[in-house]
Amino acid sequence: MRIDSLCEKETENAGRALAAFLRPGDIVALCGDLGAGKTAFVRGLADGLGCTEPITSPSFTIVNEHKAKLPLYHFDLYRLSCADELFDIGWDEYSQNGGICAVEWSENAPEVFGPETIRVFIEKTGENTRTIQIDIPGKEAGET
């Protein structure tokens, strides 16, 4: 599914829309350059899951835990140098406990994500515009 976003609110709306399709244990791997809108997307995703807490990037803590209909574990792998560091902070426990893992900078540990991973690619196409590509395993392009 491809979405053209004209502003931050539309990027959040794309995350909110994806939340409706998520199931316990889903992993959402986000890729995009610095400032592309990954955290805005996760903000919408969290809202769609019923989270009322503020959503900020966990750049220094690596993971933020949020209460929602399904627990949301928001990871930021920007500062990780290898996948082993992700396992050191308990990736296995987070990814296997029935919550949703939303992972910014997932390209920094690609070996962690299997074929069942939902992939979100956000490309900055202008000062405020983005192209968001959401690939859901088992779904054809455009199907939701």
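Predicted, not measured: the structure shown is a model, and the values here were computed from it.
We find that Arg43 and Glu8 are joined by a salt bridge, their nearest charged nitrogen and carboxylate oxygen being less than 4.0 Å apart.
Rounded to the nearest 0.5 angstrom, Asn13 CG and Leu45 CG are separated by 12.5 Å. Rounded to the nearest 0.5 Å, atoms CD1 (Ile100) and NE2 (His66) are 13.5 Å apart. The line from CE of Met1 to CD of Gln133 is 9.0 Å long, rounded to the nearest 0.5 Å. Between the CD atom in Glu10 and the OG1 atom in Thr129 there is a gap of 10.5 Å [rounded to 0.5 Å]. Taking CD1 of Ile62 as the reference point, atom CD of Glu104 lies at 11.5 Å (rounded to 0.5 Å). With rounding to the nearest 0.5 Å, the separation of CG in Asn108 from CD in Glu85 is 10.0 Å.
Phe87 has its side chain within reach of Val112: a pair of non-hydrogen atoms, C-beta onward, lies under 4.5 Å apart. A heavy-atom distance below 4.5 Å is found between the side chains of Pro137 and Ile118. The side-chain heavy atoms of Ile134 and Ile132, taken from C-beta on, include a pair separated by under 4.5 Å. Contact annotation: the side chain of Glu53 approaches that of Lys67 to within less than 4.5 Å [non-hydrogen atoms, C-beta and beyond]. Between Val63 and Pro58 there is no side-chain heavy-atom pair separated by less than 4.5 Å. The closest side-chain heavy-atom distance from Leu77 to Val103 is below 4.5 Å.
Using a 4.5 Å cut-off between side-chain heavy atoms of Ile, Leu, Val, Met, Phe, Trp and Tyr, with links allowed through other members, Phe113 and Leu72 fall into different hydrophobic clusters. Two different hydrophobic clusters hold Leu6 and Ile122 under the rule that ILVMFWY side chains link at heavy-atom gaps under 4.5 Å. In terms of hydrophobic clustering, with Ile, Leu, Val, Met, Phe, Trp and Tyr side chains grouped at heavy-atom distances under 4.5 Å, Leu34 and Val120 are assigned to different clusters. Residue Phe41 is grouped with residue Leu49 when hydrophobic side chains (ILVMFWY) are merged at heavy-atom distances under 4.5 angstrom, including chains of intermediate members.
By the neighbour-count criterion of 12 heavy atoms within 6.0 Å, atom CZ of Phe121 is densely surrounded, having more than that number from other residues, nucleotides or ligands.
Checked by atom type, the side-chain pair His74/Glu65 shows no donor-acceptor distance below 3.5 Å. No side-chain N or O of Asp92 forms a donor-acceptor pair with one of Ser95 less than 3.5 Å apart.
If you look at Trp91 and Phe75, their ring centroids are closer than 6.0 Å.
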Side chains of residues 21-33: which donor-acceptor pairs under 3.5 Å do they make with residues two or more places apart or in other chains?
from  : atom 1 : to    : atom 2 : distance (Å)
Asp26 : OD2    : Arg23 : N      : 2.7

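Remark: Pro71 pairs with Tyr73 by the side chain to side chain contact (heavy atoms under 4.5 Å, CB included) rule, at least two apart or across chains.
Using a distance-only test at 3.5 Å, with no hydrogens or angles considered, no donor-acceptor pair links the side chain of Thr117 to the main chain of Arg119.
Residues Glu111 and Ala83 share a closest heavy-atom pair of OE2-CB, 3.0 Å.
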Working note: Ile3 + Thr131, criterion side-chain contact (heavy atoms from CB on, under 4.5 Å); need CA distance, chi angles, decisive distance, verdict. CA-CA 6 Å; Ile3 300 165; Thr131 296; over 6 Å; no
Please step through side-chain contact (heavy atoms from CB on, under 4.5 Å) for the pair Leu18 and Ile136, ending with a clear verdict. CA-CA 10 Å; Leu18 177 60; Ile136 302 172; 3.9 Å; yes
